[in-house]
Amino acid sequence: MTHISLDQPIAKPRALPEVVVDRIWRFFCSVRAAVVEIAVLAVLVLIGTLRGSSVPRSIADAFPIMTPLVDGWYAWDVFRSLPFAGILTLLAAAIAVCTINRAPGIWQAIAHPSVTTTHGFLRNAETSATFTSAIPAAELAAQLESALRSGRYRTLTAERNGEIHLYGDRWRFSRLATFPFHLALIMILAGGIVGAAWGFRENQFYIPEGSVRELGHGTGLAVRLDDFSEVYREDGTALAYRSDVTLIKGGEPIESGSMTVNNPLTFGDIVFYQSGFGQAVALKVADSAGQVLFDDALPLGPFQSKLNPDAPAARMDLLPAGVAMSVIAPDENPANAPELDTLHLRPGEMFFMIRPLGADSPIAEPLGATVGQGESIQLGDLSLTFVRERRFSVLQVARNPGIPLFVAASVLLVGGLAITFYFPHRRVRGIVSATPGGSVARLAPMARRDWSAKRVFEQLAADAGRRIGIEPTLQTNEPDRSPAASNQLSRASR
Amino acid sequence: METLVRLSFYCFAAATIAFVASAACYLAYAVGRVRLRRTALATDAGPALVTHEASFQPASSGIGRFATLLAWFGVGFQAVSILLRTIAAGRLPLSNMYEFSTTFVLIAGVIYLLFERWYGVRQLGAIILPIIVAMCAYIWLLPADLREVNALIPALQNQPLMTTHVSLAILAYAAFAVAFAAAVLFLIANRWRVAWLPSPDLLDDLGYRAVTIGFPAMSLVLILGSVWAYRAWGTYWQWDPKETAALFTWLIYGVYLHTRSLRGWRGSRSAVILLVAFAAVVFTYFGNYVFGGLHAYGGV
């Protein structure tokens with residue numbers, strides 16, 4: 001039988017939107033959900049990491065039945081996938097909501113902590129210290145307060161049922177450090193979004209020596225590679241390389257500078273990075289009317305020719321002439337496969353080939369010839385001159401307005417972590433009671449299954465005892481490791 | 001220069017011997033003495049009933065002190081080895097797997113010995129010293145040409161960032177190794193309640209303290225790595241496998257810290273997370289063998 005008290009107002013049922021909002025809020029506040037989200041993110045990161053390794057291929061080699069799965073694995077770009085973006089968004093929302101939700105409680109613990117405690121708490125504490133004295137309770141409480149303050153503890157007292165309750169804490173503001181840390185995580189994500197939305201990035205900006213290339217992206221800038229130099233080690237690998245460039249705007253040079261790997265050139269908010277280098281060919285192409293179609297340097301390397309796949313090569317479309325032209329340099333690397341080389345070019349030679357481009361092309365068949373440096377040839381209607389060999393530099397050019405956010409986030413993240421870990425909030429509670437012979441005070445730390453906090457408390461009690469001239473009696477209880485106690489600890493930790 | 005490099009290697013060899021001996025002593029100290037008791041019921045016809053009983057007793061503190069002394073010897077030799085190589089190369093030895101691992105051996109030894117001093121726990125050495133010995137064995141198995149000092153490739157020619165980024169990675173890995181050792185010992189102490197092993201709460205706390213060193217260091221590794229990537233490659237995050245492996249490790253330790261501080265997880269559950277997290281550390285450490293990408297030069 002259910003009894004309903006008519007004196008109590010019946011709770012008004014909540015509207016559905018309120019219930020839904022409340023549920024969503026609770027979901028985002030849930031530590032369990034946050035832990036699951038981090039774990040899912042970790043699994044996705046692991047999948048993405050392994051995708052960049054030979055592990056999936058090894059799995060497929062060992063278990064051929066897994067080949068379709070492994071192919072799918074390599075094909076799935078995890079870090080640009082919807083699930084990955086989704087879990088990052090979910091986590092960012094959870095961090096924001098959870099932080100907002102925890103803020104009042106944290107502020108309460110800092111500004112208005114509960115001063116009173118119970119004898120049960122002190123009796124069952126894993127460690128506690130008892131100070132017995134012949135002086136009155138108020139005097140003992142004042143001495144203990146003074147001792148705690150000398151240990152840089154803030155003290156608060158309250159009187160209840162004729163007893164003095166004592167609360168002391170240290171480094172209380174460190175509890176706020178969780179906010180900059182979590183804010184930093186959101187700022188890093190925001191920095192990535194800002195950089196992608198309002199910045200630009202050229203991963204392979206090729207410039208042959210002496211050439212000028214437009215940067216684009218609304219910058220109005222062009223880059224001229226004035227000089228390129230490199231130093232090699234004995235084994236033939238590059239030890240250092242440098243590009244000297246001039247930035248041009250409106251046809252006028254506005255700044256000159258150099259860049260090496262690790263030493264980029266910065267112009268305003270645009271940064272130029274040295275990325276790579278290679279061989280280029282300076283050539284001149286003119287049509288039968290003598291009109292120059294191309295007079296510049298062409299970087300060799302990004303293109304692979306079937307005539308020698310290992311050789312540096314380039315390809316470009318000469319649309320006005322209706323042909324595509326490819327240039328192949330000698331293969332000077334002895335480690336390459338000689339059987340693939342069908343051209344056998346000597347140093348100082350280049351192989352030029354034109355192919356028909358489109359239905360209106362003036363040629364029906366590919367035409368090719370080997371040319372020496374400084375020589376000219378006629379291929380179809382075109383006159384080609386191999387002016388000379390040159391170098392080209394590969395730059396990366398980027399503008400990333402998200403960088404300041406990233407820098408600020410880094411400072412907040414590390415600072416927040418350092419404060420949280422190295423300045424933990426230490427709390428002590430106690431009750432000072434009058435006894436027939438004077439007074440007794442019992443103090444205990446708010447620390448369960450926290451070995452360091454207990455040691456800090458024992459040191460504090462010993463120091464306080466020395467200061468007030470009373471040897472404290474330390475009492476320890478075996479920690480309660482039952483599931484119920486763990487759950488209690490879980491609630492207390494929040 | 002070659003003489004210095006050779007001397008550096010000899011010091012590493014001496015350190016290896018000291019670490020092997022130290023690991024053996026730590027193991028003996030942690031396991032304790034095994035006493036076999038044979039009970040026989042004597043009759044006129046000879047012994048009628050014979051029983052054997054094994055009992056474990058704590059080892060003498062002398063062997064523990066000797067283990068610590070040997071570990072300090074190992075650290076000393078290794079410090080000299082690193083110093084000589086630093087003089088020979090004109091930089092800290094951090095640029096390839098040989099150099100990284102030799103420096104790791106030194107830092108892991110130092111971090112462990114500091115924790116041993118702070119907590120007064122020698123039994124932890126029975127887990128961490130074998131890890132150090134395993135790393136020494138790995139270094140011995142590396143190709144001999146890695147022992148030579150070579151000029152840095154252009155991407156690594158940034159002394160301040162290479163020193164801080166890579167040194168912090170070593171510090172983080174060493175601290176995580178100590179946390180792992182504490183977790184293993186916790187699970188043993190918690191399961192079998194061996195009287196002379198440290199209390200589970202102490203080990204739990206020690207593991208946590210090690211993570212409070214390793215986690216900020218790992219955060220700085222990711223941050224400084226990003227700063228370096230921004231200077232050298234033009235972007236602070238490339239989703240390179242080595243980067244994401246480090247992020248994966250960081251996330252696992254993030255789970256450990258969250259479950260501990262917000263859900264109050266202590267003990268076995270936290271210890272198990274530490275074991276998983278250390279597996280992630282090993283994966284990140286040796287990932288260069290299977291990773292392609294921008295960190296490929298860091299491999300062997």
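Reminder, nothing fancy here: chain letters follow the sequence lines and each chain counts from 1. Atom set for the values below is all heavy atoms of this structure, side chains included, hydrogens, waters and symmetry mates excluded.
- Neither the backbone nor the side chain of Arg57(A) comes within contact range of chain B; no heavy atoms are under 4.5 Å apart.
- When each of Leu203(B), Ile223(B), Asp204(B), Asn150(B) is checked for heavy-atom pairs under 4.5 Å with chain A, Ile223(B) comes out on top.
- For chain B, the option among Phe272(A), Tyr422(A), Tyr241(A) with the highest count of heavy-atom pairs below 4.5 Å is Tyr422(A).
- There is a side-chain donor-acceptor pair under 3.5 Å between Ser101(B) and Tyr285(B).
- Contacts between Arg201(A) and chain B at a heavy-atom distance below 4.5 Å involve the side chain alone, from C-beta outward.
- Centroid-to-centroid, the aromatic rings of Phe79(A) and Phe84(A) come within less than 6.0 Å.
- For a residue to count as touching a neighbouring chain, one of its non-hydrogen atoms must lie under 4.5 Å from one of that chain's; by this rule Leu152(B) touches chain A with the backbone only.
- Looking at Ile47(A), neither its backbone nor its side chain comes within 4.5 Å of chain B, counting heavy atoms on both sides.
- Judged by distance alone, the side chain of His217(A) and the main-chain N or O of Phe200(A) form no donor-acceptor pair under 3.5 Å.
- A donor-acceptor pair is defined here as one N or O able to donate and one able to accept, closer than 3.5 Å; such a pair exists between the side chain of Thr284(B) and the backbone of Ala245(B).
- Between His425(A) and Trp171(A), the distance from one ring center to the other does not fall under 6.0 angstrom.
- Of the listed residues Leu161(B), Thr249(B), Thr212(B), the one with more heavy-atom pairs under 4.5 angstrom with chain A than any other is Thr212(B).
- Looking at Asn263(A), both its backbone and its side chain come within 4.5 Å of chain B, counting heavy atoms on both sides.
- Contact annotation for Ala418(A): neither backbone nor side-chain heavy atoms come within less than 4.5 Å of a heavy atom of chain B.
- Minimum heavy-atom separation, Ala172(B) to Gly214(B): CB-O, 3.6 Å.
- Contact annotation for Leu413(A): only side-chain heavy atoms (C-beta onward) come within less than 4.5 Å of a heavy atom of chain B.
- For chain A, the nearby parts of Thr235(B) are the backbone and the side chain; heavy atoms of each come within less than 4.5 Å.
- For Leu41(A), the parts lying under 4.5 angstrom from a heavy atom of chain B are both the backbone and the side chain.
- For a residue to count as touching a neighbouring chain, one of its non-hydrogen atoms must lie under 4.5 Å from one of that chain's; by this rule Trp237(B) does not touch chain A.
- The parts of Phe421(A) that come within reach of chain B are both its backbone and its side chain, each placing non-hydrogen atoms under 4.5 angstrom from that chain.
- For the options Ser410(A), Ala453(A), Gly191(A), Ala398(A), heavy-atom pairs under 4.5 Å to chain B are most numerous at Ser410(A).
- Heavy atoms of Tyr230(B) lying under 4.5 Å from chain A belong to its backbone as well as its side chain.
- Only the side chain of Tyr236(B) comes within contact range of chain A, with at least one heavy atom under 4.5 Å from a heavy atom of that chain.
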(request) Kindly indicate, with the supporting measurements, whether the criterion ring pair (Phe, Tyr, Trp, His ring centres under 6.0 Å) is fulfilled by Phe215(B) and Phe176(B). (result) CA-CA 8 Å; Phe215(B) 191 74; Phe176(B) 291 149; 7.7 Å; no
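- Only the backbone of Ile188(A) has a heavy atom closer than 4.5 Å to any heavy atom of chain B.
- Scanning all heavy atoms of the two residues, the minimum distance from Leu50(A) to Pro56(A) falls at O-CD, 3.1 Å.
- Taking a cutoff of 4.0 Å between a charged side-chain nitrogen and a carboxylate oxygen, Lys454(A) and Asp205(B) do not qualify as a salt bridge.
- With chain A as partner, the option from Leu251(B), Leu202(B), Val255(B) having the largest number of non-hydrogen pairs under 4.5 angstrom is Leu202(B).
- The main-chain N or O of Tyr256(B) is found under 3.5 Å from a side-chain atom of Thr259(B) such that the two form a donor-acceptor pair.
- Using a 4.0 Å cut-off between charged side-chain N and carboxylate O, Glu99(B) and Arg91(B) make a salt bridge.
- Ionic pairing of Glu230(A) and Arg242(A) is not present here: no N-O contact between side-chain nitrogen and carboxylate oxygen is shorter than 4.0 angstrom.
- Within the 4.5 angstrom heavy-atom criterion, atoms from both the backbone and the side chain of Asn262(A) approach chain B.
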